[in-house]
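Accompanying notes for the structure given below.
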Amino acid sequence: MPDLVIVAPILVPLVAGVVAYVAGRLRRGVAIAVAVLQLPLACGLAWEVLRRGPLHYEVGGWSAPLGIQLYADGLTALMICMASIVELAVGVYALGYFEWTERESQPSDHTPPGPSATGPAATGTTTSESAKRSRGGSFWPLSLLLAGSLNGLFLSGDIFNLYISLELLTLAAVGLIGLAASLDALAAALRYLLIAVVGSLFYLLGVSFLYSLYGTLDWQQLAMRFEFDFVSRCAIVLLVLGLLVKAALFPLHFWLPAAHGSAPSPASALLSGLVLKAAFFVILRLWFEVFPHPRLALAGQLLGGLGAAAILWGSLQAIRQRRLKLLVAYSSVAQIGYLFLVFALASDPAVAWNAWSGTAYFMLSHACAKSAAFLAVGSLQLAARGGEIEDVTGAAADHPVTVYAFALAGVGLMGLPPSGGFVAKWLLLRAALESHQVGLAIVMLAGGVLAVGYVFRVLGRAFAATDGAPQRPIPRLMQWTPLVLALVSVGLGLVALQPLELLRIGAPFAPSSSAQSAGLSEQAGLGEQAGLGEQAGLGEQAGANP
Amino acid sequence: MTTGTLYALCGLGLFGIGLGGIILRTHLLHKIIATNVISSGVFLVLVALADRTRGGRPDPVPHAMVLTGIVVAISATALALGLLRRFYRETGRCRLPEPGSLAPGSLAPGSLERWSPERRSEGGDAEKGNAEKGNGEKGNAEKGNAEKGNAEKGNAEKGNGGEASGGKGDGCRTW
Amino acid sequence: MSWSMLLPLLVVASSLVPGCLIFLLREDRVRTRSVLNLAGAVLKVVLVAAMVWGVSQGETFQLSYPLLPGISFGLNAAPFSLLFVTLSAVLWLFTTIYAMGYLKGSPQRSRFFGFFSLCVSATAGIALAANLLTFLIFYEMLTLTTYPLVVHRGTEQALRGGRIYLAYTVLGGAILLLAIAWLQTTAGTLEFVEGGFAGSLAAPQHAALRWIFALLVVGFGIKAALVPLHSWLPQAMVAPAPVSALLHAVAVVKAGAFGIVRVIYDVFGVEFCIELGVTQPLAIAAAITILYGSLRALFQDNLKRRLAFSTISQVSYIVLGAAVLGPTATIGGTVHLVHQGIMKITLFFAAGNLAETLGVQKVSEMDGVGWRMPGTMASFTIAALGMIGLPPMAGFISKWYLASGALEAGQTWVVGVLLASSALNALYFLPILYAAWFHPPRADWPKSADRGRFETRLTLLLPPMATAAATLLAGLFAQLPFSPLDWARFIVAREYPP
Amino acid sequence: MTLLDGLSLLSIASGCFFFVAGSVGMLRLPDAFTRLHALTKADSAGLGLLVLGLGLQADSWWTVLRLLLIWLLVLLSSATTCHLIAQSALRRGAALRRGDNDE
Amino acid sequence: MRGGRKTADRTENTDEGIRSKAYSHREVSTMSPVLWILDALFCASLLGLAWQTLRTRDLFKAIVLYIVFGLMMAMAWARLDAPDVALVEAAIGAGVTGVLLLSTLGTLSAARGEGSQRGGAFASAVPVAGLVTGLVGCLVGVLAVAVWQLPVESPGLSAAVEARQEESGTSNPVTAVLLNFRAYDTLLELTVLLLAVLGAEVLAGSEAAGSEAAEGGVAAQETAPRQETGPRQETGPRQETGPRQETGTRQGPDAQQERPPAADRDPVLRGFVRLVAPAMIVVAGYVLWIGGEAPGGAFPSGAVLAAMSFLLMLARAEEGPRLSRRGGRWILVAGLIVFWGVGIAMLAAERRFLEYPVPAAKGLVLLIEAVAAVSIAATLVALYRGGRLVRRPRRTVDSEFRS
């Protein structure tokens, strides 16, 4: 059953999620076992894709228009590897996190409730054991189901199936935010749920138009039948608008800081690192492989412009924040801007490959860096008993490991060499310069400098000498996981060749014929011409391929 | 003008009414009802458009899609209502506060991160809803037609902010 | 991985690995930390010596690891890079010994020495970089690792200095990234080639190349403290003395100057620079910096700030040497890279000693300090005289070659600048020496008797004296086969076509 | 138009009339209880007539049985609902409107 | 793999196909004027209802209007020849959503002690409302033009479904699509339901605990709003003095069961429930069974079961079967476990995931439907009761500690 490798990334986490829901004490064990198992599965899939080119799998044995098809190409494999790396790190971190927060809220710890009248503290400081265990315990099934639906989304070849996966992600995300049970978490979860559901309904309306026009739900068949008439353009607008809401691009980003800022740290890491990328992944897939068309260039420029605005606005807001997690959340708004530049850059076929592979690699490195940053900030916050940046003063003395983890994650976010972020930024920069869009290049560099602004605002406080109250000790698990994840994000810069090789399979753009990639093609020696040829029938449109 | 087209237009009408409702109404229960109206509208469009198959028998696939959609809608509604109940129990309000107007991280009992920063910082967060002031005037016309959906989604938050700042603890004063 | 590929990597790793290990050490493990530090330093010197010997025998040490399609992480032991890596290895050894003495008993030493060795490995990486991208990688690593050193004390003033330092250097890094990406787009390759590769490009590219050259010079100029971009340097004086020594004599400032020289020689090539006509504005900028630095140094009462401004002017000698075209001027500039390093580090060690043992910060408080701390002040005097350019010291040689090179190239105004700056050097160094030796010592210094036989801790005293001796040796035995001057002559011979 | 069709047309028409009467009753009558009364009674009767009319048209006894089952279920549920609403209205203190004569 | 399945997806136009009696033949394109007027009126009433639901300020009225709107939607589906969707819309769309809305409203208004909740005026000043309506209006207008331009004949998949109908093991095309052709979608959909329950449980997590501890009644630090707005529940004999507010049908059942004195139990309601409950179980079974041939299947039967349990709860019959907390969770995920079990069994049998062998298709589909119906019913009930199917007040350490 060679094709098991394409179903396993969906099957294992979802079934484990169900088992974790039912199993009381076994939840942690199941979750960690699956998190560890996911990495080899992802690598297996990547290896299979490398070996055999894009994979197709008909669920239920029915061929495309009737049944649902799973499709795995280079980009999918890379995304699933990204997801499994981040989920493993977050899972291990959550072990320490929930065990620590529960130990902190023992009856013995009678920290008086906040004096504010708004927070009714009738139940005093303690809640019954069952509630806490169940809450801490609910993280595991939720994160497993989130992982399963994420892999389902990356692998799905059916636009209605994408709708259900997006809904799954939304509900899991709201559940995770709800775990925090603080006032702003509840408000953020409500706002996020309403907006995400409306976004999904926009998407579904677009799907209904496409279905009634072309009679198929499989996006590869859709790509073949797609013509660029008025109704299809309306469908594109609806699809993209719905997904923009969920991907939190600049004007529609207002729900993100509160949602990611108030969720418990492992949850914010999952949300910011992975869930945002799912919606963007769908846009990327649709834009370049289902309805690529020269006349979309103008819309691409608009999205690119919004991305640039997001970079500047997000970074400026991040610098202004007083609370740690809001700072990192606003940095997500900025980094999402980087992703959307691809629509402006890739409209010029000569640089399309650089832009596209740069964006894919940016998703990978940003996921690791952002999750590491959130985990590190979470540890610092709990140690310093406070969420403000001032509370972190002098943290470098007490918790050097966590501060260095945040610093390394910051290196990834700032795109300084040798991190993965740098490689992605380099590819995007090259694409921008080659297609003479110097404006975008300048915005990218400005984004990097502003990122230094907000990262070092935190590090500056951390390195300051302080005589304040000694901070609480952080469990070893919560110190070393962010560091390892940050090291992975930095290490991605050094091993960029292999993932980019993986990305070439089933990519909508062949690597441009410019000098340096020519060197690569003879040395690659892979049967990718065959892969590209066979796939050319399916994926590439006349317009998109030089 | 077939039945399908008529009902599709009716579905779009519902979609519009629901979208307007979710943006303009401030009470969360209204917003949740509006979400259901939008989903009914979209489902109506989905089935109506697919009703025009050859050979007279309706196309079962959209029906299956709508069935799935209804179940997804009920799940989302149930979760939203659970959130609303919990939000009401914690704050005594049933309107979304302006993003950031809530005392930052003021903690309900039993919350995970056992700190209450507002003990340290007095006023509410400084960035009082400026996130959407920026995008109010960023009306970006997508190619072809005016995808204004996102622009007004932005300034809607400004809209409901005014109402929400009503006194706390005076129950769900909703008129 | 043959030996010739492994050696450059080992040189970089020889301070990287101890650095990472030191991070893990607990604060109280002083002995292990010192052992690790010294072992790393000595190993690096030995490895560099082996490499120098290998290169002189004609071996090539090269390492290339593909990072991206068409772009690789390359280390290459070119003669010019060897000069810089030798300087940094030797001086790092002295600075480590000095730092151990200086920071005895102060908190956070694991963190300090960790970042300290990371910083030096970045410098070694900069020196050995085979292409502009690797150069940028280590360049940004240098920025990141020096920031914690600058803000080591954690005081508000240190943090402010750190913020300014960061703002400048990160902006420089961003400009550099833009320039390098643009160069890759136009020229297609970033590898350093002796004699430069940009010359081969067609005419329409020249306008772009001029812009790229300007961006590169600005990017490196920030770290090399050229005039408009220099104001971070005095602010960074809040750092502890070994860090200032490291920043000024060995790492940051030198990296900038080294970068500019590298760009002129190995990216654009000397003739192409003339063709583009970019060297003339660079020479003018360097000259302005030299004069401006010396002038500002005159009015600084704080000793370390005075030395900082003197560094600003001295570094521009190197840039001037590269900008004034002609073999002898370039030899002068290149050899000054080493000499200025030795002399400046001696000055900083001495300044550190004064601050540490006597608490003397200001020039006005230095009356009669010579008698109280003869060893330190003797080395200070030797270095100061060298800076002015008096014959037996190393400084004289580099200024001599610079002046004669300028005359050969027919640019007489450069000689004028050199003379003026030497005069200014004299103006701000001689009063210090005079006050130190000929003014009666002030009474309130702690008597030297209770400090044992020597004026201060041995670890603080020996390094400045050693480097002062090196200044003398480099001056006297300039003609010996392995002296810095000979090495510079060897480098320039390869750069300039016969 | 056989006799059967005529009869079913007649019963369906009268059923509809009952429904209309019920609705008018609900709109015109003064207070909650009388409205409940109108609604429950008229609609049940209307539905009965409707079921009778459709039963005549039905092609098999099985359909007639199902129609009757529907009618029975509606009867049951509307009676209970009416009772519950009345009870809650009473507890909520809806004004019992005195008859015109005892004003 | 089944022979011939892998042939290219030719949409052959088999005219003869099984014309199941559920669908009357009707012409598509031209509409007789009477029908057109009826439809126009119907659509107008739908739009009017929706507009009124969102415009009215009284929330109770809005919810009732929404329930009527749900029923009208069910009729719309019937008109569009979608009986399955009509069933589910009526049962879940109007019924369960209405119940959930009313129970939430009960929680909100019960605390304020007044009957109805006012919905609040339109949010903001006229210009913003005008701008919003304008933007939404032109968006809908553009989409309407798009719909208008759609070709009359849309290349649907009905022919393809019909061609594969007999291999799918059911003669009802919608069930075939739901549980065979696109079974993966339904699997994810059940996961969505599970996520909703999990989310509700997380949110109600401390509510149950909170209320359990609160009912201890002694907690000193109870701040003012809490006291007055705290939902008055009580278990066991102690009579909470809070504002008792018995609202008949709109009973606000909180996380806690209430057990008012016996006199309150409404004889008529108990009689009705005793009569109807068994009938509803039979109906649920029938709907489930008929799903193979005619409109029906897992979702409507699940909804009917859920409605029955709501009735039981309304009539405050004693606690359901003595389920342990763990048992409750097992029922909630039974549908998913069976579905996954079948899927993985197919994988084990060297077939594709969820690819039923043709002879066994009918049995498998029915098995999945049956268990799914039960777990859907359980899920809907759990959603009503705040994420936990079985709510037994547990004497927690705190309340002992408190009282």
Side-chain angles (χ1 to χ4, degrees), chain B residues 2-3 6 8-10 12-14 16-17 19-21 23-24 26-27 29-30 33-34 37 40 47 50-54 56-61 63-64 66-68 70-72 74-75 77-79 81-83 85-86 88 92 94 110 145-146 148-149 152 159-160 169 171-172 174-175, chain E residues 23 25 28 39 43 46-47 50-51 54 59 66 73 80-82 84-85 88 92-93 97 100 104 107-108 112 117-120 122-124 128-129 132-133 135-136 138-140 142-144 147 152-154 156-158 161 173-174 177-178 185 189 192-193 196 199-200 203 206 225 229 383:
Chain B
T2 66
T3 336
L6 178 65
L9 293 180
C10 170
L12 283 181
L14 291 179
I17 292 174
L19 196 59
I23 291 164
L24 291 179
T26 60
H27 197 284
L29 219 51
H30 264 297
I33 293 176
V37 168
S40 303
V47 172
D51 175 42
R52 301 161 288 109
T53 52
R54 280 184 297 280
R57 178 166 306 99
D59 181 352
V61 172
H63 297 187
V66 168
L67 267 170
T68 314
I70 289 176
V71 172
V72 166
I74 178 81
S75 318
T77 314
L79 194 57
L81 291 175
L83 266 170
R85 261 202 293 254
R86 182 65 193 286
Y88 172 73
C94 24
N145 67 351
K148 287 296 176 299
E152 81 277 4
N160 71 14
C172 233
T174 52
W175 54 87
Chain E
Y23 300 100
H25 175 77
V28 171
D39 282 334
C43 286
L46 263 179
L47 290 173
W51 171 259
L54 291 175
L59 277 175
Y66 175 73
M73 275 303 290
L80 285 170
D81 266 330
D84 302 73
V85 182
V88 172
I92 293 186
T97 317
L100 286 178
T104 311
T107 329
L108 299 187
R112 298 289 301 130
Q117 283 276 340
R118 309 290 300 163
F122 263 88
S124 43
V128 176
V132 166
T133 26
L135 296 180
V136 169
C138 68
L139 176 66
V140 169
V142 167
L143 295 182
V147 164
V152 175
E153 285 299 320
S154 89
L157 281 172
S158 60
V161 168
V174 175
V177 170
L178 259 182
D185 273 352
E189 183 196 323
V192 167
L193 277 173
L203 291 167
S206 66
T229 59
L383 288 178

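Note that the structure is predicted; figures quoted are calculated from it, not measured. We name chains A, B, ... by the order of the sequence lines, and we start the count at 1 in each one.
Of all the heavy atoms in B/D59 and E/L157, the pair that sits closest is OD2-N, 3.0 Å. Summarising the geometry of E/T104 relative to B/R85, their closest heavy-atom pair is OG1-NH1, 3.7 Å, with the distance given to 0.1 Å. Of all heavy-atom pairs between E/V147 and B/L12, the closest is CG2-CD1, 3.6 Å. Among all heavy-atom pairs drawn from B/Y88 and E/L108, the shortest one is CG-CD2, 3.5 Å. Between E/V192 and B/S75, the shortest heavy-atom distance links the atoms CG1-OG, 3.5 Å.
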- Task: Decide side-chain contact (heavy atoms from CB on, under 4.5 Å) for E/D84 and B/L67; before the verdict, give the C-alpha distance in whole Å, the side-chain angles of both, and the deciding distance to 0.1 Å.
- Result: CA-CA 8 Å; E/D84 302 73; B/L67 267 170; 4.2 Å; yes
- Would you sort out whether E/M73 and B/I70 count as a side-chain contact (heavy atoms from CB on, under 4.5 Å), showing the intermediate values? CA-CA 12 Å; E/M73 275 303 290; B/I70 289 176; over 6 Å; no
- Could you please spell out the steps behind the side-chain contact (heavy atoms from CB on, under 4.5 Å) verdict for B/L19 and E/L139? CA-CA 10 Å; B/L19 196 59; E/L139 176 66; 4.0 Å; yes
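If you measure heavy-atom distances from B/V66 to chain E, the contacts under 4.5 Å come from the side chain alone. Heavy atoms closer than 4.5 Å to chain B are found in the side chain of E/V161, but not in its backbone.
Separating the OG1 atom in E/T133 from the CD1 atom in B/I17 is a distance of 12.0 Å, to the nearest 0.5 Å. Atom OG1 of B/T68 sits about 5.0 Å away from atom CG of E/L178, to the nearest 0.5 Å. Once rounded to the nearest 0.5 Å, the distance linking OG1 of E/T107 with CZ of B/R86 reads 13.5 Å. With rounding to the nearest 0.5 Å, the separation of CG in E/L54 from NE2 in B/H30 is 7.0 Å.
Between chain E and the residues B/A34, B/C10, B/G13, the most heavy-atom pairs under 4.5 angstrom are made by B/C10. With respect to chain E, the highest number of heavy-atom pairs below 4.5 Å among B/A8, B/G21, B/A64 belongs to B/A64. In terms of non-hydrogen atom pairs under 4.5 Å with chain E, the most contact-rich of B/G82, B/S40, B/G16 is B/S40. Interface check for chain E: of the options B/L79, B/T77, B/L14, B/V37, the most heavy-atom pairs under 4.5 Å are formed by B/L14.
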